[in-house]
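Encoded as structure tokens, the structure appears first; notes follow it.
Residue numbers start from 1 in every chain, and the chains themselves are labelled A, B, ... in the order their sequence lines are given, proteins ahead of strands.
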Number of protein chains: 2
Amino acid sequence: MKRKITLKDIAKELDVSISTVSKSLKNNPEIGEDTRQKVQAFAKLYNYKPNNIAVSLLNQRTKHIALIIPEITHDFFTTVLKGVEEVAHQRGYNVLVCVSNESFEKEVLSMEMFAQGGIVDGFIISLSKETQLKDDYKHLVEVENQGMPLVMIDRVTDKVISDKVIVDDMRGAYTAVSHLVEKGCRRIALITTQDHISVGYLRKEGYKKALADHDLAVADALIVTVDHVDEAEDKIRQLVTNETFDAVLGVNEIFAVIAMKLLQEAGKRIPDEVAIIGFSDGKLLKYATPSITAVDQHGVEIGKAAAGMLIERLESDVTEENFRTTVITTSLVERDSTNLN
Amino acid sequence: MKRKITLKDIAKELDVSISTVSKSLKNNPEIGEDTRQKVQAFAKLYNYKPNNIAVSLLNQRTKHIALIIPEITHDFFTTVLKGVEEVAHQRGYNVLVCVSNESFEKEVLSMEMFAQGGIVDGFIISLSKETQLKDDYKHLVEVENQGMPLVMIDRVTDKVISDKVIVDDMRGAYTAVSHLVEKGCRRIALITTQDHISVGYLRKEGYKKALADHDLAVADALIVTVDHVDEAEDKIRQLVTNETFDAVLGVNEIFAVIAMKLLQEAGKRIPDEVAIIGFSDGKLLKYATPSITAVDQHGVEIGKAAAGMLIERLESDVTEENFRTTVITTSLVERDSTNLN
DNA sequence: TTGTACGCGTTATCAC
DNA sequence: GTGATAACGCGTACAA
């Protein structure tokens with residue numbers, strides 16, 4: 001049950017002053033060779049490490065960053081976390097994770113707590129659904145006003161000026177639909193979320209644009225909007241029952257997988273009768289039978305980029321206000337669900 | 001770009017002493033009604049919140065806990081994180097996440113850093129594969145010697161005495177196999193990991209015991225040991241090609257899903273010709289076609305229990321050394337992959 | 001070459 | 001009823 005050893009302990013033990021110990025450990029040339037050696041040996045022996053809290057208090061920076069995500073049981077956010085964690089640790093930062101559970105209130109409270117308590121030096125955040133619905137971003141602005149850097153990822157808003165890392169959602173959807181068209185599909189359904197979710201809106205636009213560019217009509221009946229996961233199955237079943245189509249694009253893994261399941265139950269052969277593509281390259285699509293073609297959002301890269309931008313800003317004393325938006329390019333991972341002719 | 005406001009700022013502004021301000025904010029009755037009001041009003045106006053770092057320095061506790069997990073892209077660990085985060089935030093603690101990536105070195109370095117820097121008050125850890133292989137737990141003992149509480153979850157070891165939260169792996173496997181037998185299966189295959197992974201060993205034992213109790217022989221040819229995910233497909237394909245069996249138990253989601261995929265490709269009907277059960281109740285099993293029966297490990301519950309135990313110990317000054325092991329009971333989630341007769 | 005003193009923000013004790 | 005002071009652990013400017 002030995003307590004942590006401090007500079008004071010070493011000083012007393014070696015009968016020198018605290019500052020001598022401090023300087024010795026930092027290889028300050030002011031200190032004589034022999035005392036330095038002695039101190040360093042002793043420190044190593046007792047495994048001395050500076051108390052982070054004291055250093056934080058002194059520097060006014062904790063070397064902690066907060067990652068606020070709406071959900072954790074999504075492969076996408078999981079990989080983002082992985083990327084953030086990797087870069088952060090590389091550069092000597094720790095990651096505090098907060099799951100907002102898509103709740104505006106939890107998001108606000110956590111940010112206030114982290115910011116006002118001086119618990120973290122900066123934020124990486126992906127907005128909750130509720131926040132996007134309310135269209136209220138005071139808490140983000142507040143944090144920025146306190147001089148804390150903020151990087152928004154994936155679910156972002158134009159109403160807050162900050163660094164951002166996003167995916168080219170529109171282009172991802174465009175590419176996916178174009179791929180389906182090239183494979184011969186003509187009636188392509190879309191399963192998406194409400195428009196206030198930024199990425200949902202953008203993906204729908206990409207879908208429409210691709211259809212238009214290929215001289216295909218946009219049929220509203222083929223666009224299903226799912227408000228909540230729980231109703232996904234019902235809504236998609238209606239689509240499968242009432243409409244005919246030869247391809248589906250789901251804006252996330254779950255929608256794509258549910259669509260495939262219902263189609264298979266309805267006796268459709270995948271991909272011959274209906275081809276399928278889903279957003280997010282997670283395990284659900286990879287291990288489905290048949291495996292499902294994916295629009296890979298490169299979550300790890302997003303996380304890495306966001307952490308890099310945040311730390312960059314934290315460590316550059318210059319208060320340049322030139323905020324940047326990094327766009328990660330999606331890529332299409334072709335699998336069996338679009339393996340036609 | 002307003003800096004954070006401190007007690008000193010308020011004191012100067014209101015022309016009182018720092019301690020008066022501090023006491024007023026804590027509703028100390030020593031302070032006169034009017035000054036208290038004045039101070040509180042001012043503090044609220046400027047949105048004062050005590051600086052956490054200073055408080056930490058004083059109390060020698062950060063109100064942060066570390067969660068160290070081997071992997072994050074596993075639904076199981078993801079749900080554990082969710083449970084930990086929930087309870088921790090409820091009780092005023094923050095969670096630092098560290099992904100060891102199954103690496104002994106990363107696990108050791110992170111723990112040393114968190115512990116020696118005084119960054120966290122305690123640990124929740126699930127051992128990396130490499131650590132279990134090396135059978136080296138010095139870093140855990142070291143942390144305990146420093147007086148920091150430690151709760152091990154899921155992948156634990158008897159060689160370290162600490163609080164633990166585990167799942168009744170043996171019983172879970174036993175129940176799963178029994179279920180298969182009751183459904184009429186007689187030749188039941190097992191896809192598992194190496195024995196040094198504690199949970200792998202226990203699940204194999206449960207499998208064997210269940211077979212024995214039902215007077216069925218254990219056929220070594222039906223037990224596949226997968227060392228690394230990358231070789232899972234090859235190993236399982238050999239099983240499917242060379243052996244005949246009417247059921248499979250996979251010790252995780254991926255093994256179960258891969259098995260089903262290969263069986264389907266081999267023309268087997270699920271569940272009529274081969275029934276399937278997998279460990280971990282994640283999305284892979286739930287959304288598979290057909291949906292796969294699961295041994296639910298209740299990751300969220302494990303996380304909640306672990307966080308509860310850790311915080312309990314952190315907040316009880318009593319240094320009672322009566323370590324406890326909480327066992328979370330698995331439950332069988334019946335789905336289509338075992339829906340026979 | 002080494003030591004002293006101060007400050008980071010807070011709280012608790014004690015003096016007035 | 002209010003204020004001064006010490007302490008938490010560290011780093012650093014300055015004094016010796």
Say whether [X] and [Y], considering side chains only, have a donor N or O and an acceptor N or O under 3.5 Å apart.
| X | Y | value |
| --- | --- | --- |
| A:S19 | A:S22 | no |
| A:S128 | A:E130 | no |
| B:N27 | B:Q40 | yes |
| A:T131 | A:E107 | yes |

**Message:** Looking at B:E13, I'd like to know if its CD atom is crowded, meaning that more than 12 non-hydrogen atoms belonging to other residues, nucleotides or ligands lie closer than 6.0 Å.
**Reply:**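 It does not: B:E13 CD has 12 such atoms or fewer within range.
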- Are B:F114 and B:H64 near enough that their ring centres are under 6.0 Å apart? no
Length of the [atom1]-[atom2] vector between [X] and [N], whole Å:
| X | N | atom1 | atom2 | result |
| --- | --- | --- | --- | --- |
| A:I18 | C:dT2 | CD1 | C1' | 14 Å |
| B:L7 | D:dG3 | CG | C1' | 14 Å |
| B:E33 | D:dG1 | CD | C1' | 12 Å |
| B:K12 | C:dG9 | NZ | P | 11 Å |
| B:D15 | D:dA4 | CG | P | 11 Å |
| A:L14 | C:dT2 | CG | C1' | 14 Å |
| B:I119 | D:dG9 | CD1 | P | 16 Å |
| B:I10 | C:dT10 | CD1 | P | 8 Å |

Exercise for the section: Name the residue closer to the 5' end of DNA chain C, choosing between B:N59 and A:T20 according to the nucleotide with the nearest heavy atom. Expected result: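 It is A:T20 whose nearest nucleotide is closer to the 5' end.
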Out of C:dT4, D:dT2, D:dA4, minimum distance to the side chain of B:S19 belongs to D:dA4
Of the listed D:dC10, D:dG3, D:dT2, the closest approach to the B:S17 side chain comes from D:dG3
Per-helix bend value, the helix from C:dT1-D:dA16 to C:dC16-D:dG1, C1' rotation axes over five pairs per end, 10° rounding, shows 60°
Heavy-atom nearest nucleotide on DNA chain D taken for A:E30 and for A:I53; more 5' hit belongs to A:I53
Is it true that [X] and [Y] make a salt bridge, defined as a side-chain N closer than 4.0 Å to a carboxylate O?
| X | Y | result |
| --- | --- | --- |
| B:K106 | A:E85 | yes |
| B:K49 | A:E112 | no |
| B:R91 | B:E312 | yes |

Establish, yes or no, whether the cationic atom of A:K159 lies under 6.0 Å from the six-membered ring centre of A:Y137 and within 45° of the ring axis.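 So A:K159 doesn't make the cation-pi contact.
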ask   = Is there a salt bridge (charged side-chain N to carboxylate O under 4.0 Å, His left out) between A:K63 and A:D121 once you walk through the steps?
value = CA-CA 6 Å; A:K63 290 249 181 184; A:D121 296 339; over 6 Å; no
TODO: Within residues 21-29 of chain A, find the residues that approach DNA chain D with a heavy atom at under 4.0 Å, and present them sorted by residue number.
DONE: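 Hits under 4.0 Å, by residue number: A:S22, A:K23, A:K26.
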Please state whether the phosphate of D:dC10, meaning OP1 or OP2, lies under 4.0 angstrom from any side-chain nitrogen or oxygen of A:Y48.
-> yes
Discussion item. Using a heavy-atom cut-off of 4.0 Å across all strands, would you classify A:T35 as base, sugar-phosphate, or nothing?
Written reply: sugar-phosphate
Produce the list of close N/O pairs, under 3.5 Å, pairing protein atoms with atoms of nucleotides 6-8 of chain C; give distances to one decimal.
residue, atom, partner, partner atom, Å
C:dC8, OP2, B:K8, NZ, 3.0
C:dC8, O3', A:Q60, NE2, 3.2

Practice prompt. Working to the nearest 0.5 Å, report the span between CG of A:N94 and CD1 of B:I119.
Written response: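 Between A:N94 CG and B:I119 CD1, I get 5.0 Å after rounding to 0.5 Å.
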